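For reference, the structure discussed in these notes is given below.
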Amino acid sequence: MKSEPDECCIDDIKDSTDQCIPWQGIRNYQARNYIRDNIQVGEQVFFYHSSCKEPGIVGIVEVVSDASADVSAFDNTSPYFDAKSSPEKPRWYSIDLKFGRKFPKVIRLKQLKADPALAEMVLVAKGARLSVQPVTVQEWQHISKLAGE
DNA sequence: GCCAACGTTGGC
DNA sequence: GCCAACGTTGGC
């Protein structure tokens with residue numbers, strides 16, 4: 001899962017109440033489908049910082065809730081407001097994320113791109129903009145090793 | 001700030 | 001349903 005650290009960095013999750021935050025603001029259908037239909041409670045997720053000085057994977061968070069209606073879409077003062085989403089018929093969903101751990105150092109996008117073992121990873125594909133992306137078991141294990149785990 | 005690569009919107 | 005115009009993402 002990607003986030004702009006200016007918006008929400010991994011330390012924001014770590015420092016929040018119960019080290020847990022509602023992950024709101026997904027406004028892309030494909031990303032929504034992932035969190036609504038594929039992600040399971042208890043799953044671990046790589047947390048990626050984008051649009052920043054050092055883009056890369058910074059750590060791991062855990063999914064601690066099923067997807068439910070993203071209430072920020074109902075709030076007309078929110079930047080994520082969407083008049084076409086309603087409590088009766090929500091268009092967007094959110095999940096709760098809990099801080100897992102931070103890697104000793106950022107695994108930079110540059111490093112991921114240069115790694116032959118990760119050539120097929122969605123994240124390094126050209127034009128991959130999705131904020132929620134699948135990771136294979138092999139990729140997960142490989143990156144965990146890079147992180148020194 | 002540039003721009004490539006997507007995604008979305010809306011007229012037809 | 002097509003597709004041009006526009007908006008967004010995100011690395012560089």
Side-chain angles (χ1 to χ4, degrees), chain A residues 1-16 21-39 43-63 65-136 138-149:
Chain A
M1 297 186 71
K2 295 187 194 173
S3 178
E4 296 186 19
D6 289 346
E7 285 264 337
C8 177
C9 75
I10 194 160
D11 287 326
D12 294 334
I13 303 178
K14 188 182 170 201
D15 297 338
S16 61
I21 57 152
W23 196 247
Q24 300 175 327
I26 289 176
R27 295 294 178 268
N28 169 286
Y29 289 105
Q30 227 181 317
R32 178 205 66 183
N33 293 346
Y34 273 124
I35 65 158
R36 190 188 58 185
D37 306 333
N38 294 107
I39 292 185
E43 257 190 280
Q44 295 197 302
V45 176
F46 285 138
F47 199 76
Y48 178 92
H49 284 175
S50 67
S51 286
C52 57
K53 203 171 166 190
E54 207 176 41
I57 299 173
V58 294
I60 291 173
V61 296
E62 190 180 333
V63 178
S65 81
D66 287 317
S68 58
D70 183 345
V71 295
S72 69
F74 310 144
D75 175 4
N76 63 9
T77 65
S78 165
Y80 299 125
F81 176 68
D82 182 351
K84 289 176 180 161
S85 189
S86 67
E88 295 74 33
K89 215 180 168 197
R91 173 179 286 197
W92 306 115
Y93 288 80
S94 73
I95 54 174
D96 292 339
L97 294 181
K98 188 174 170 60
F99 175 75
R101 57 187 176 277
K102 240 175 117 168
F103 291 152
K105 58 181 185 179
V106 178
I107 304 177
R108 299 174 61 182
L109 178 62
K110 198 176 168 186
Q111 183 184 352
L112 298 170
K113 279 186 170 171
D115 195 326
L118 302 174
E120 302 297 318
M121 194 175 181
V122 176
L123 181 68
V124 304
K126 199 170 164 186
R129 303 189 310 172
L130 265 193
S131 62
V132 184
Q133 301 182 350
V135 179
T136 67
Q138 290 81 0
E139 288 159 357
W140 182 276
Q141 290 172 347
H142 186 78
I143 291 167
S144 296
K145 270 184 212 157
L146 297 181
E149 307 223 326

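What you see is a predicted model; the values in this text were computed from it and never measured. Letters A, B, ... are given to chains in the order of the sequence lines, protein chains preceding strands, and every chain is numbered from 1.
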Could you tell me how far apart A/L112 (CG) and C/dG10 (C1') are, to the nearest whole angstrom?
15 Å
Given A/R32, A/R91, A/R27, the one that forms salt bridge (Lys or Arg N to Asp or Glu O under 4.0 Å) with A/D70:
A/R27
Can you check the A/K84 NZ to B/dG10 P distance for me, whole Å?
6 Å
Once you round it to whole Å, what is the distance between P of B/dG7 and CZ of A/R91?
16 Å
Please determine whether a side-chain nitrogen or oxygen atom of A/Y48 lies at a distance below 4.0 Å from atom OP1 or OP2 of C/dG11.
yes
Less than 3.5 Å apart, any donor N or O on the side chain of A/D96 or A/W23 sitting next to an acceptor on the other?
no
Could you state the OH-P distance from A/Y34 to B/dG7, rounded to the nearest angstrom?
12 Å
Could you pull out the closest heavy-atom pair between A/R36 and A/A67, with the gap in Å?
CA-CB, 3.7 Å
Side-chain donor-acceptor contact under 3.5 Å, A/S144 with A/Q141
no
Output the rounded distance in Å from CZ (A/R129) to C1' (C/dG11).
12 Å
For C/dC12, does OP1 or OP2 lie under 4.0 Å from any side-chain N or O of A/K113?
yes
Spacing of A/I26 atom CD1 relative to C/dT8 atom P, expressed in whole Å
18 Å
A/Y29, nearest nucleotide to its side chain (from B/dT8, B/dA4, C/dG11):
B/dT8
Between P of C/dT8 and OH of A/Y80, the distance in whole Å:
13 Å
Expressed as a whole number of angstroms, how long is the span from A/L109:CG to C/dG10:P?
11 Å
C/dT9 OP1/OP2 closer than 4.0 Å to side-chain N/O of A/K2:
no
